[in-house]
Structure formats: C-alpha cells, structure tokens
Amino acid sequence: MARPIKETPILYGEDAKRFEERMNKVQKETPEQRKIRLEHYHAMLAALHRGEQMRKEGKAIPGIIKVS
C-alpha cells in the first residue's frame, strides 16, 4: 500500500527569505544550452522507442543481462 504524502512545510524567517530570493532569480537558458538539452532528450526518447520496439518483437535488448 502507498505511503501517505506528507504535508508541504511552511517556511518562516531566513529560510522563507532565501527561498523567495531564489525563486525570483530564475536563470534563463541560453539557446546553446536549450539545443544541447533537446538533443539529449531526443536521443533518450529514441532509445526508449527502440527498446520498446525490440521488447515487442521479442528480441534481446543490447546491454541488458537477463538473470534467471
């Protein structure tokens, strides 16, 4: 059975000030960083689709060791 989710704590004092400052200082992603992030995302998505296709076809997935 799943564990209940704990209530989100409320921040006070210096913790609250630090949290608010960090939330207001959002760093923008540069176009180069975005390009790299999307390349990594698409590579992982392609690997996921290849693995799903191989599993459906009943083929062994390279790099996966089946332990009986």
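Computed from a predicted model, the values in this text were never measured in an experiment.
Proximity of a side-chain donor or acceptor of Asp15 to a complementary backbone N or O of Leu11 within less than 3.5 Å is not detected.
Going from atom NE2 of His42 over to atom CG of Leu38 covers 5.0 Å, rounded to the nearest 0.5 Å. To the nearest 0.5 angstrom, Gln53 atom CD is 11.5 Å from Leu48 atom CG. Here the straight-line distance linking atom CE of Met54 with atom NE2 of His49 works out to 15.5 Å at 0.5 Å rounding.
Considering all non-hydrogen atoms of both residues, Val26 and Met23 come closest at CG2-O, 3.2 Å.
The residue from Gln33, His40, Arg34 that alone fulfils the side chain to side chain contact (heavy atoms under 4.5 Å, CB included) condition with Ile36 is His40.
Salt bridge status for Glu14 with Lys17: present, with a side-chain N to carboxylate O gap under 4.0 Å.
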